[in-house]
Every structure is written in C-alpha cells, then in structure tokens.
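Have a look at the structure below before the remarks.
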Amino acid sequence: MGKTTKEMYNFSRQKAIRFMKDDDMILWEKVKELRRKVYFEELGRTGAYYEEDEIDQNAVQFLVYQDDNVVGCFRLNMVAGEWWCSRLVVERQYRNQNFTPVFWGSIWEFALQNSIKFLYIQCIPILQRYYEKLGFQRLGEAYIEDGLKLITMKHSFLREPPSYVSFKRSKL
C-alpha cells in the first residue's frame with residue numbers, strides 16, 4: 001500500500017477505511033477518540049499508550065463506519081516479521097450488531113493483497129470462541145498483561161476466504 005493510498009471496503013451500510021496515521025489526521029483523530037472512549041472511559045485504563053503508541057506510526061489503520069457513524073477501529077502491524085491485529089475496539093452501542101463481515105472482510109482483503117500467511121491477535125478469554133469461529137487457534141496458556149487476562153491466537157490465510165470477502169473496492 002502506498003503512503004498516500006486509502007481504500008474503502010463496503011458491505012451493506014457498513015464500510016472500513018484503510019489509511020496510514022500520517023496520511024490523514026482527521027481519520028487518525030477519530031481513531032484516538034474511539035480508543036479514549038473504550039480504554040479510558042469504559043475500561044478505566046490509564047496510560048497514553050492506549051490512545052497512541054510507537055506501533056501506530058507504521059501500522060495500517062482501519063476505521064469502521066455504519067452509515068456515517070464511527071463504530072470501531074483496529075490496526076494491523078508487523079512485529080518481528082509477523083502480522084498482528086491490535087487495538088480492535090467497537091463502540092459500546094454497536095457491539096451486539098454483526099460487524100464481522102466488514103472487520104474480518106477488510107482484514108482478509110488486506111491479507112490477500114499483501115500475501116500474508118498468518119495473523120496473530122491477543123484477546124480476552126470471553127472472545128476466544130468468537131475468534132475460533134473465524135478460524136483462529138489458541139496458542140499457549142492465558143497470561144496477564146497490564147492487568148488484563150489475555151490469550152494469543154493465530155489465524156492462517158492459507159485456506160479459502162469466507163464468501164463476504166469479495167468486497168467492492170473503491171479509492172477515496
């Protein structure tokens with residue numbers, strides 16, 4: 001992905017916009033606002049790194065909308081040659097709605113475009129079954145990081161993608 005490229009993935013009334021932090025400060029501020037809401041206000045976390053950290057500089061950011069409302073965000077980044085999905089948050093009032101196609105579909109599209117074979121994620125134990133349904137496998141035992149119990153999971157993109165991955169792509 002070129003430094004100035006933004007792509008949008010559409011699915012029904014939902015869309016995901018992919019961008020780099022330094023390329024669009026308006027979108028970046030929306031990501032930080034959503035992270036503040038979830039990490040600081042809702043989860044009571046402290047530390048500026050929940051809003052922004054050194055990984056954000058080179059991560060591929062995704063901002064997810066329904067109609068004109070920001071509903072979630074996440075980032076994809078490399079650590080030691082492996083791709084990770086992190087800082088995935090969804091606005092509270094949208095959590096019981098099905099955003100799997102737009103979140104997961106945009107990740108699949110990116111993985112296929114960039115020849116990514118595996119993706120790792122850290123999740124809280126209550127989300128383990130959800131990620132297993134998406135094809136993730138648990139790696140090792142749960143552990144505590146910054147006061148949260150987490151599980152590391154791995155997904156392989158070496159199989160066929162789900163049917164909803166055939167998003168219509170358009171340049172912004």
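On a predicted model such as this, the values are computed, not experimentally measured, just so you know. The figures that follow rest on heavy atoms only: side chains count, while hydrogens, waters and symmetry mates do not.
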To the nearest 0.5 Å, how far apart are [atom1] in [X] and [atom2] in [Y]?
X: Arg18; Y: Leu63; atom1: CZ; atom2: CG; answer: 14.0 Å
X: Ser106; Y: Lys15; atom1: OG; atom2: NZ; answer: 13.5 Å
X: Gln122; Y: Lys149; atom1: CD; atom2: NZ; answer: 14.5 Å
X: Cys123; Y: Glu132; atom1: SG; atom2: CD; answer: 8.5 Å

Might you work through the side-chain contact (heavy atoms from CB on, under 4.5 Å) test for Lys30 and Leu34, ending with a clear yes or no?
CA-CA 6 Å; Lys30 290 180 181 187; Leu34 185 55; over 6 Å; no
Does Trp83 have any ring pair (Phe, Tyr, Trp, His ring centres under 6.0 Å) partners at least two apart in sequence or in another chain, and if so, which?
Phe110
Residues Val60, Met20; criterion side-chain contact (heavy atoms from CB on, under 4.5 Å); working and verdict
CA-CA 5 Å; Val60 180; Met20 299 297 285; 4.0 Å; yes
For the CD atom on Glu141, are there more than 12 heavy atoms of other groups (residues, nucleotides or ligands in this structure) within a distance under 6.0 Å?
no
If hydrophobic clusters are built from ILVMFWY residues whose side chains come within less than 4.5 Å, do [X] and [Y] share one?
X: Leu119; Y: Met78; answer: yes
X: Ile116; Y: Met153; answer: yes
X: Val102; Y: Val90; answer: yes
X: Ile151; Y: Ile144; answer: no
X: Phe19; Y: Tyr65; answer: yes

Linking Ile, Leu, Val, Met, Phe, Trp and Tyr through side-chain heavy atoms less than 4.5 Å apart, which residues share a cluster with Trp84?
Val79, Phe118, Tyr120, Leu139, Leu158
Any side-chain donor-acceptor pair under 3.5 Å between Asp24 and Gln61?
no
Counting C-beta onward and ignoring hydrogens, is there a side-chain heavy-atom pair between [X] and [Y] closer than 4.5 Å?
X: Arg35; Y: Phe40; value: no
X: Cys85; Y: Ile107; value: yes
X: Trp108; Y: Gln113; value: no
X: Asp22; Y: Gln57; value: yes
X: Phe74; Y: Val64; value: yes
X: Asn77; Y: Asn58; value: no

Test of understanding: with side-chain contact (heavy atoms from CB on, under 4.5 Å), list the residues that count as partners of Ile124, not counting sequence neighbours.
Ile126, Leu127, Leu150
Please identify which of these residues, Arg87, Lys21, Lys32, Arg75, meets the salt bridge (Lys or Arg N to Asp or Glu O under 4.0 Å) condition with Asp56.
Arg75
Step through it carefully: locate the ring centre of Trp104, locate the ring centre of Phe62, and say whether they are under 6.0 Å apart.
no
Take Lys37 and Glu91 through the salt bridge (charged side-chain N to carboxylate O under 4.0 Å, His left out) test and state the conclusion after the steps.
CA-CA 8 Å; Lys37 277 184 187 177; Glu91 182 84 64; 3.2 Å; yes
Does Phe157 have Lys117 sitting over its ring (NZ/CZ under 6.0 Å from centre, angle to axis within 45°)?
no
Determine, for Arg95 against Glu42, whether the closest basic-nitrogen to carboxylate-oxygen distance falls under 4.0 angstrom.
yes
Would you say His155's side chain and Gln137's backbone share a donor-acceptor pair under 3.5 angstrom?
no
Evaluation steps, side-chain contact (heavy atoms from CB on, under 4.5 Å), between Glu82 and Lys154
CA-CA 10 Å; Glu82 301 289 350; Lys154 178 181 180 179; over 6 Å; no
